Engineer: 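This is the structure I want to talk about, given as structure tokens.
Per chain, numbering begins at 1; letters A, B, ... match sequence-line order. In what follows, every heavy atom counts, from backbone to side chain, and hydrogens, waters and symmetry copies are set aside. It should be emphasised that the depicted structure is a prediction, and the values quoted were computed from it without experimental measurement.
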Amino acid sequence: MKRLELILSERELDAVIQAMEIAGVPGYSVVRHVTGKGPHGSVSEGMEFSGLGANAHVIVFCEADLLDALRAALRPLLTYYGGVAYVTDAEAL
Amino acid sequence: MKRLELILSERELDAVIQAMEIAGVPGYSVVRHVTGKGPHGSVSEGMEFSGLGANAHVIVFCEADLLDALRAALRPLLTYYGGVAYVTDAEAL
Amino acid sequence: MKRLELILSERELDAVIQAMEIAGVPGYSVVRHVTGKGPHGSVSEGMEFSGLGANAHVIVFCEADLLDALRAALRPLLTYYGGVAYVTDAEAL
Amino acid sequence: MDPSLILQNLVSPPVLFFFLGVTAVLVGSDLEIPAPIPKLFSLYLLLAIGFKGGLELQHSGLGGQVLPTIAAAMAMSLLVPLYSYLVLKTRLDGFNAAAIAATYGSISAVTFITAESFLETQNLPFDGFMVAALALMESPAIIVGLLLVKLAAPSQQAEGPKMGWSSVLRESFLNSSVFLLVGSLAIGLLVAAFSPASIDKMLPFTDKLFYGALSFFLLDMGIVAAQRIRDLRQAGAFLIGFSVLMPLFNALVGTLIARGLGLGPGNALLFVVLCASASYIAVPAAMRMTVPQANPSLYISTALGVTFPFNIIVGIPLYMAMIKALLPTAG
Amino acid sequence: MDPSLILQNLVSPPVLFFFLGVTAVLVGSDLEIPAPIPKLFSLYLLLAIGFKGGLELQHSGLGGQVLPTIAAAMAMSLLVPLYSYLVLKTRLDGFNAAAIAATYGSISAVTFITAESFLETQNLPFDGFMVAALALMESPAIIVGLLLVKLAAPSQQAEGPKMGWSSVLRESFLNSSVFLLVGSLAIGLLVAAFSPASIDKMLPFTDKLFYGALSFFLLDMGIVAAQRIRDLRQAGAFLIGFSVLMPLFNALVGTLIARGLGLGPGNALLFVVLCASASYIAVPAAMRMTVPQANPSLYISTALGVTFPFNIIVGIPLYMAMIKALLPTAG
Amino acid sequence: MDPSLILQNLVSPPVLFFFLGVTAVLVGSDLEIPAPIPKLFSLYLLLAIGFKGGLELQHSGLGGQVLPTIAAAMAMSLLVPLYSYLVLKTRLDGFNAAAIAATYGSISAVTFITAESFLETQNLPFDGFMVAALALMESPAIIVGLLLVKLAAPSQQAEGPKMGWSSVLRESFLNSSVFLLVGSLAIGLLVAAFSPASIDKMLPFTDKLFYGALSFFLLDMGIVAAQRIRDLRQAGAFLIGFSVLMPLFNALVGTLIARGLGLGPGNALLFVVLCASASYIAVPAAMRMTVPQANPSLYISTALGVTFPFNIIVGIPLYMAMIKALLPTAG
Ligand SMILES: Nc1ncnc2c1ncn2[C@@H]1O[C@H](COP(=O)(O)O)[C@@H](O)[C@H]1O
Ligand SMILES: Nc1ncnc2c1ncn2[C@@H]1O[C@H](COP(=O)(O)O)[C@@H](O)[C@H]1O
Ligand SMILES: Nc1ncnc2c1ncn2[C@@H]1O[C@H](COP(=O)(O)O)[C@@H](O)[C@H]1O
Ligand code: NA
Ligand code: NA
Ligand code: NA
């Protein structure tokens with residue numbers, strides 16, 4: 001099994017989840033209110049009241065053979081909007 | 001060292017933590033307010049006001065030889081209530 | 001690539017981030033409101049109103065050769081204040 | 001019946017804000033009220049309704065209609081799940097039937113509050129002891145629901161981790177909404193009896209803000225209810241029909257009991273609303289924990305997606321008309 | 001002009017709490033108002049201002065100056081981004097120029113509210129229909145901003161994931177702040193027309209608390225604005241100059257239009273503040289989603305770090321003086 | 001002494017809601033008030049108490065008893081930690097002794113507020129400058145605590161990352177609760193002096209809601225305090241004894257000082273409560289950061305699990321009785 005994790009702006013969360021569902025993930029988990037820093041600068045929760053939001057952390061456990069479809073679906077979104085995506089190995093407990 | 005991570009409903013969190021403590025984990029960390037989707041459907045925070053709650057994300061760093069005890073303690077809970085548990089390799093910084 | 005993750009008290013978060021930035025991390029992500037238990041006892045969010053805060057979960061994706069600098073910068077803080085730091089392998093999606 | 005009552009109810013701020021929340025979801029606005037803001041309002045409403053009920057209960061005492069009314073309310077919270085279960089069992093498995101049955105035996109505090117606001121705009125009096133009835137209907141319904149599960153599926157239930165009776169009873173009697181409601185009621189009673197000078201200092205918070213806070217909360221309830229509408233496809237026509245017809249039937253039974261008890265029109269409406277409403281706070285949370293085999297989409301979407309809107313939009317004025325028609329004291 | 005007006009404004013609680021928030025950041029205090037508390041106050045202020053505006057709009061009706069004023073406001077929200085874009089394009093790329101232009105075409109609800117509070121302390125009357133103008137200026141500015149992007153950088157835009165017009169229009173008309181404001185305005189209208197008895201029950205929440213809640217929210221705005229000051233270095237002297245001079249110019253244009261419309265001094269000030277203020281709620285969120293190529297630090301730090309403080313501290317009394325000097329009905 | 005005073009205090013809404021919170025934990029209810037709701041109330045209470053204190057301070061001025069009282073309060077916040085340290089050092093290591101000592105030198109704003117509410121129900125007047133005393137007692141206690149650490153364990157302290165005096169002083173004077181309190185006090189002063197017309201617009205928020213908001217917050221404090229009771233086993237009999245006897249002793253010293261200052265019974269009670277209460281807001285947060293070697297369970301569970309409940313339940317009426325017995329102006 002693989003563990004895919006994405007960190008991206010909350011504003012793009014819906015688009016990313018839709019893309020993942022179309023790619024066929026068996027499930028996913030999302031933590032919102034994530035702050036951080038990356039190539040596009042700092043992200044804080046200070047503007048949350050304005051609807052600007054912070055980042056979201058998405059975790060997906062899936063079979064290795066789904067990664068290609070996910071890469072194809074998610075890369076354009078991450079390139080255009082920013083955000084990171086990394087994969088690690090995982091095995092069910 | 002191993003990194004065990006669980007995602008399950010907040011309502012079962014106390015039972016899971018109790019089981020882990022009996023199994024002898026050296027520590028654990030919990031993030032609440034996790035949303036997601038799995039075999040049992042979508043989980044949102046929309047009903048938080050009703051006490052229904054969302055999911056929790058639990059992380060445990062422990063020795064590999066503790067995993068059998070944790071598996072024995074946690075599997076029945078996850079099978080009955082739902083939720084996922086995965087293990088990855090980790091080393092102390 | 002490596003995935004470094006830290007869990008430590010929110011009160012030390014600023015010091016840890018500053019140390020990481022000096023060490024040259026390309027980015028980081030932070031989840032606050034993390035509860036847990038470790039060698040120094042339980043941490044809840046019950047005292048959040050008092051400014052005592054809970055824990056923070058920090059994730060850094062970086063090249064392996066940065067780990068030595070990060071270890072040197074972060075070990076003293078974790079030893080003095082408490083908290084854990086683990087590294088796993090990761091590859092970009 | 002008087003159609004102006006329904007219109008009157010439709011243009012009240014709480015109902016309009018509920019509609020606004022529903023509309024937000026239907027048109028695709030990103031309006032949301034993030035957690036835990038709805039919880040703040042939910043806690044506030046329970047605290048305020050309990051406190052006010054306690055103040056009034058102290059004045060009315062436990063004589064007259066008080067104890068019979070409370071007893072009748074508790075009886076309804078035992079009876080409704082039983083006959084609901086028989087209806088539901090015709091189409092659903094035991095777990096889901098029991099969970100939905102328990103939901104309809106219990107009550108919706110917000111529907112009750114909205115009915116109180118409706119009565120106030122109609123200048124119809126009602127009594128504080130009705131809040132005690134409200135508080136005492138949640139626990140029996142939860143217990144009946146779990147008994148039904150044990151009866152219906154004793155073997156399957158045994159497969160899971162042991163769920164002792166102590167945790168079931170704790171969930172029934174000590175779940176946060178029942179606890180806060182009963183506790184605030186007791187505080188209201190004590191304060192009215194022994195510290196009347198401090199009542200005036202509480203009222204700006206518990207009383208003056210109440211209507212506005214209810215309206216704000218209903219904005220969120222509208223959003224959440226509309227988000228549940230999608231789940232209704234899963235529920236199907238049978239369940240949707242159930243979630244409109246069962247409240248109507250319960251309202252009729254409630255009206256007849258209210259008549260038997262000799263309640264005035266204000267208390268009668270509150271009694272009927274308790275019978276006709278379904279819980280989406282304490283019971284779903286209890287069922288999620290104690291009957292994980294049941295599908296939460298079913299009991300939440302029926303109670304919150306159909307019965308709740310039906311009650312606050314059409315039900316309350318409709319039940320008022322029913323009461324006016326059937327109660328000798330009313331009309 | 002009358003310098004005591006500026007002083008008067010400086011010592012009002014909302015402005016003082018804004019300063020307190022700024023000071024907290026400057027001296028390094030760890031004072032923070034964690035999410036989602038600011039969102040609660042932001043939702044509350046929009047709901048309350050909309051509701052009150054609706055109540056008043058029902059009384060004033062749509063006759064007289066109402067429709068011309070609203071039309072003029074909408075025209076300004078189209079015009080301001082156009083000429084702002086021309087100025088900005090001299091130094092910035094098309095994406096950033098368009099995003100900042102849209103920001104200045106739109107409005108700041110909190111600046112508007114602060115101006116209302118200022119008028120109340122000056123005992124100057126104003127009308128509810130100005131809230132309708134406020135609500136209707138956000139969407140056109142967003143649309144113009146996106147049109148400018150399409151014009152300025154049609155090829156680059158095409159590189160990203162397709163962003164259909166439907167989602168652009170939804171973001172313009174249905175974003176949460178526009179939606180809540182318009183919805184609450186409509187509710188206020190309906191309630192004033194059909195349920196006047198419930199108005200008094202809403203006022204403790206929507207009216208009495210308003211000033212204190214505004215002050216509390218401005219404490220947070222002070223913190224957030226001061227945290228943006230660091231970003232101003234990135235913005236540079238040109239943009240800082242823009243974010244003071246453009247509001248002044250817009251205020252002058254607004255004053256002349258108000259004169260042409262024959263507005264009284266109260267409505268004139270609100271009109272001018274709408275022209276002179278820049279959005280840090282709806283527009284930045286819309287731009288972040290639809291023009292990700294623009295740098296949010298630029299449009300947020302100018303609108304929130306410079307123009308907003310300038311307006312609530314100096315601008316409001318300054319514009320009042322301008323109006324007194326230029327309007328025959330004032331002074 | 002008059003036992004009815006204790007009874008009177010026990011049945012006031014704030015104390016009853018505190019009990020309700022404690023009860024929730026003891027009986028195992030899942031009632032919880034999720035973060036950051038308690039923070040909202042805590043910020044609100046500090047803002048409101050500061051603002052009201054500032055308004056009143058403007059009227060009373062700095063003459064008469066004002067400056068001597070404030071000086072005496074600050075002296076107590078230096079003295080109490082010193083003699084507390086000597087007592088604590090007999091059983092505890094230097095780090096823990098210093099941290100607990102600092103906690104008892106500082107004050108509990110909620111205890112102070114509860115005492116004010118108690119005085120109001122007793123119709124006893126008190127002055128706004130007592131809030132200034134409250135605000136000025138937090139910082140000295142933190143500084144003495146850190147000095148004690150440096151004296152007691154100079155070598156061990158050196159092992160950790162360098163903690164400069166600048167960050168210690170910032171933590172003492174600029175931590176969020178001291179900053180918000182002092183800032184709101186200053187705003188209250190300025191508004192009373194220069195913008196009296198806006199006072200009435202603030203009062204529904206800062207004044208009318210206050211008592212209800214305090215009661216709601218104490219519900220949470222009851223939950224949190226009861227959750228700390230488990231930690232008391234770790235603290236042991238010595239510390240539990242300390243956390244009841246030390247406040248009593250400090251109250252006695254405070255009463256004598258109040259007598260020397262010639263304070264009226266209202267101000268005297270507030271002064272005594274400042275001396276007798278222990279901080280669970282600013283000081284624990286400061287100690288957690290600057291003395292990580294001390295065990296937070298010890299200083300939090302004593303201040304919050306024992307001293308705080310003792311003070312608001314028994315202490316306040318007891319100290320009032322003490323004052324009536326010992327002050328010539330009272331009784
Ligand atoms: N190297 C990294 N390690 C961890 N998180 C990162 C890293 N780079 C970016 N992020 C997260 O991804 C978010 C979006 O990044 P970006 O928009 O590419 O700057 C940032 O705000 C961080 O939360
Ligand atoms: N494949 C997956 N990847 C990530 N999270 C998952 C996955 N499957 C389930 N989850 C999480 O586990 C929760 C409980 O799953 P379940 O009750 O089994 O549907 C879901 O709501 C998700 O948050
Ligand atoms: N073995 C562990 N696994 C996961 N989290 C841990 C572990 N040990 C400690 N932690 C987290 O690190 C925090 C600080 O630990 P400490 O101060 O060392 O007790 C704890 O409150 C936990 O959230
Ligand atoms: Na019912
Ligand atoms: Na504008
Ligand atoms: Na003290």
Engineer: Which atoms of Leu40(E) come close to chain F, meaning under 4.5 Å heavy atom to heavy atom: side chain ones, backbone ones, both, or neither?
Structural biologist: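 Interface part for Leu40(E): side chain.
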Engineer: Give the member of Ala35(F), Pro36(F), Ala48(F) that has the highest number of heavy-atom pairs under 4.5 Å with chain E.
Structural biologist: Pro36(F)
Engineer: For the candidates Ile37(E), Leu214(E), Ile33(E), which exhibits the highest count of non-hydrogen atom pairs separated by less than 4.5 Å from chain F?
Structural biologist: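 Between Ile37(E), Leu214(E), Ile33(E), the count favours Ile37(E).
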Engineer: NZ/Lys201(F) to CG/Leu209(E) distance, rounded to the nearest 0.5 angstrom?
Structural biologist: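 So the NZ of Lys201(F) and the CG of Leu209(E) are separated by 13.5 Å.
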Engineer: Start with the C-alpha gap between Phe179(F) and Thr23(E), add the side-chain angles, then the distance that decides, and say whether side-chain contact (heavy atoms from CB on, under 4.5 Å) holds.
Structural biologist: CA-CA 10 Å; Phe179(F) 183 84; Thr23(E) 309; 4.1 Å; yes
Engineer: Do Lys208(F) and Lys208(E) come within less than 4.5 Å of each other through their side chains, counting heavy atoms only?
Structural biologist: no
Engineer: What part of Phe17(E) gets closer than 4.5 Å to chain F, counting heavy atoms only: side chain, backbone, both or neither?
Structural biologist: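 Interface part for Phe17(E): both.
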Engineer: What distance separates Leu43(F) CG from Asp220(E) CG, expressed to the nearest 0.5 Å?
Structural biologist: 10.0 Å
Engineer: Just by modelled atom types, is the Asn175(F) backbone N or O under 3.5 Å from a matching donor or acceptor in the Asp30(E) side chain?
Structural biologist: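 Judged by distance alone, no pair lies under 3.5 Å.
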Engineer: Ser176(F) and Leu31(E): which non-hydrogen atoms are nearest, and at how many Å?
Structural biologist: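 Minimum heavy-atom separation between Ser176(F) and Leu31(E): CB-CA, 3.4 Å.
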Engineer: Given a strict heavy-atom distance threshold of 4.5 Å, which part of Thr206(F) is in contact with chain E: side chain, backbone, both, or neither?
Structural biologist: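 For Thr206(F), there is no contact with chain E at all, as no heavy atom is under 4.5 Å.
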Engineer: In terms of heavy-atom proximity below 4.5 Å to chain F, should Pro14(E) be classed as side chain, backbone, both, or neither?
Structural biologist: neither
Engineer: Taking all non-hydrogen atoms of both residues into account, name the closest pair between Gly212(E) and Met202(F) and its distance.
Structural biologist: CA-SD, 3.9 Å
Engineer: Looking only at non-hydrogen atoms, find the nearest pair between Leu20(E) and Ser184(F) and report the distance.
Structural biologist: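 So the minimum-distance heavy-atom pair works out to CD2-N, 4.1 Å.
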Engineer: Measuring from atom CG of Asp200(F) to atom OH of Tyr211(E), what distance do you get when rounded to the nearest 0.5 angstrom?
Structural biologist: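 Answer for the CG-OH pair, Asp200(F) versus Tyr211(E), is 11.0 Å.
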Engineer: What's the separation between atom CD1 in Ile187(F) and atom OG in Ser12(E), rounded to the nearest 0.5 Å?
Structural biologist: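 Ile187(F) atom CD1 to Ser12(E) atom OG measures 10.0 Å (nearest 0.5 Å).
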